[in-house]
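Let me begin by presenting the structure, written as structure tokens, before commenting on it.
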Amino acid sequence: MVTLTYSSRPTVGAPVIRFDNVSKSYPKQNQPALRDVSLEIEKGEFVFLVGSSGSGKSTFLRLLLREERASTGTVHVLGKDLARLSNWKVPHMRRQLGTVFQDFRLLPNKTVAQNVAFAQEVIGKSRGEIRKSVPQVLGLVGLAGKEDRMPGELSGGEQQRVAIARAFVNRPMLLIADEPTGNLDPQTSVGIMKLLDKINRTGTTVVMATHDQNIVDQMRKRVIELEKGRLVRDQARGVYGYQH
Amino acid sequence: MRAQFVLSEIGVGLRRNLTMTFAVIVSVALSLALFGGAVLMGQQVNAMKDFWYDKVNVTIYLCNKNDAETAETCSKGAVTAQQKEQIETDLKKLDIVETVHHETAEEAYKHYREQYGDTAIASVITPDQMQESFRVKLKDPEKYEVVATAFSGRSGVHSVQDQRGILENLFNMMRGMNVAALVVMGLMLLIALMLIVNTVRVSAFSRRRETGIMRLVGASSFYIQMPFIMEAAFAGLLGGVVACVLLLVGRYFLIDAGLSLAEQMPLVQFIGWDAVLSVLPLVLVIGLLMPSLAAAVALRKYLKV
């Protein structure tokens, strides 16, 4: 019997994400949230996920995080079939992922450094490791010197940088961002995108759901568009293209 | 996993729900004190049974001359030597009989004089007024009925008396109190469990932000749930400690001081401190485990991991 641990990186060429004919329907809803979606995302890619509200973007991300299971079809993340992943192994899988949200999701009663350290504390990292990696990652996101500030004292852009630092501190293979610029002004958004691009250049795959047309058009990355749960566009170096 | 981090999380959780925590502690303490009290009461009844049943006999009183006029069962006159012999041999044939002692009227008179001495009533009593009797000791004191049915109503037998009957009333009363204590304990336990479930629910709701973030960064479900379970366990253990104190104080004031039953009922063998102490670990373990278990069950429902 071959046992794979998540600490072993997937072999070169194996996609970080693979969807095979994935459909997802929720109980008490007539329309499935995702219909027969198949795609692959390779290591090191930067992918925009676009589509109107209710197009299935959130469901797509929830499947990646294994907050939901596919109704039919298979989802592979980092080489693992999530349908066959037992519940107690899910936390271990999530340690290989970083997540960033529109609403930052910081702990208001902890300092910037404590918020980042929290991600390491809960997975049992040693104090020495935490003391080393927290200032390092805060420097990377441009928050050096603000370790002891509370989230409430920071601007939205800075709070999102804290969230990104927390998502990145454990050096995930895959960063999932759900409208990370949704609450930020265009100028701040550009800064966040530069940061995500920087993280992407370290080899981390980035999947970002967004409604921000300017950003998608400027970055010229791969664009995946969902509409009513179907994959309607998968374009390398694409534009937003969605008509409001 | 770092102990300091975990402990500070528990402290925060307990303080946030101070009133609920207090309610949990009190209800756990009361239910466990009742539980411990019921266990001790049971031991008390058993101890008294062992002590007294050893000493009590079934007594078959025989008719004397006077009884022939006063008692219905003795209408055929005083017991004859032949009847006495028959009763004794029949008694000795019974499996359940351990020993038979024949108390003559003279012996009864002597015992009577020993007990009542030179009181006025003792001076008018004469040996021939005393009743002859067989004192029967049974292997199993519960088998009294067998002797009673076999010998009451026989000619020459005045009555069959089971001394156990006098004690039985007391024991029944104590058993009744025991059942009542257990019923109240059950209700208190139910209240305690519902309080714990509710506390966990409130606690999980007020901390859903933290637990959500923990989930995102890949904390194991054990790690996420542990602070909640530890909180319940801590409150339960505190309740258990309070229950232990109540039991110790209760024994002291019931038996040694306050009501001082030991002084007022010198014939009763009361359970000792060792019996009380031996119940305490059980109380503490239940106080620790039961709330933890309730919390774990509640978490399955209220905390998504």
Side-chain angles (χ1 to χ4, degrees), chain A residues 6-7 61-62 64-68 78 85-101 103-110 114-131 151 162-163 165-178, chain B residues 1-21 199-234 292-293 295-305:
Chain A
Y6 281 102
S7 52
L61 297 182
R62 290 172 70 79
L64 290 183
L65 289 167
R66 224 300 214 129
E67 300 224 23
E68 303 285 351
L78 301 171
L85 192 66
S86 58
N87 278 330
W88 65 273
K89 278 186 177 165
V90 169
H92 215 101
M93 179 212 96
R94 287 187 185 142
R95 290 175 197 183
Q96 305 289 307
L97 313 177
T99 42
V100 178
F101 293 89
D103 58 357
F104 318 138
R105 302 205 184 167
L106 300 175
L107 295 167
N109 54 346
K110 287 189 192 290
Q114 285 169 344
N115 263 288
V116 177
F118 190 72
Q120 299 204 291
E121 278 166 350
V122 296
I123 64 171
K125 284 270 166 71
S126 75
R127 202 182 287 230
E129 254 176 296
I130 294 172
R131 214 173 284 157
V162 178
R166 185 182 60 197
F168 192 60
V169 70
N170 292 325
R171 307 286 153 166
M173 298 284 299
L174 170 63
L175 187 76
I176 296 167
D178 191 359
Chain B
M1 217 177 286
R2 301 216 323 269
Q4 196 194 341
F5 177 70
V6 173
L7 284 176
S8 73
E9 295 280 306
I10 295 169
V12 168
L14 284 176
R15 255 175 288 139
R16 200 176 327 211
N17 277 314
L18 201 60
T19 46
M20 285 286 229
T21 307
T199 309
V200 165
R201 189 174 68 171
V202 171
S203 196
F205 186 76
S206 68
R207 264 189 277 169
R208 66 194 184 285
R209 196 180 177 86
E210 279 102 320
T211 53
I213 291 165
M214 282 173 142
R215 215 152 45 84
L216 284 177
V217 298
S220 63
S221 54
F222 174 73
Y223 191 93
I224 297 173
Q225 293 182 346
M226 204 187 44
F228 295 91
I229 293 177
M230 295 278 274
E231 266 173 52
F234 183 72
S292 317
L293 215 66
V297 170
L299 283 172
R300 291 181 69 87
K301 194 172 169 192
Y302 297 117
L303 186 70
K304 200 188 158 202
V305 289

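Per chain, numbering begins at 1; letters A, B, ... match sequence-line order.
- Nearest heavy-atom pair, V122(A) versus A219(B), reported as atom, atom and distance to 0.1 Å: CB-CB, 3.6 Å.
- Rounding to the nearest 0.5 Å places CG of L216(B) at 7.0 Å from CZ of R166(A).
- The minimum heavy-atom distance between A119(A) and V217(B), with the atom names listed, is CB-CG1, 3.7 Å.
- Both the backbone and the side chain of E67(A) come within less than 4.5 Å of a heavy atom of chain B.
- In this structure, CZ on R215(B) lies 11.5 Å from CZ on R66(A), to the nearest 0.5 angstrom.
- Around CZ of F101(A), the count of heavy atoms belonging to other residues, nucleotides or ligands within 6.0 Å exceeds 12.
- No part of I176(A) comes within reach of chain B, as not one of its non-hydrogen atoms sits under 4.5 angstrom from that chain.
- The parts of L107(A) that come within reach of chain B are both its backbone and its side chain, each placing non-hydrogen atoms under 4.5 angstrom from that chain.
- With R209(B) contributing its side chain and L106(A) its backbone, the two residues share a donor-acceptor pair below 3.5 Å.
- Listed here is the closest heavy atom pair of F118(A) and M214(B): CZ-CG, 3.5 Å.
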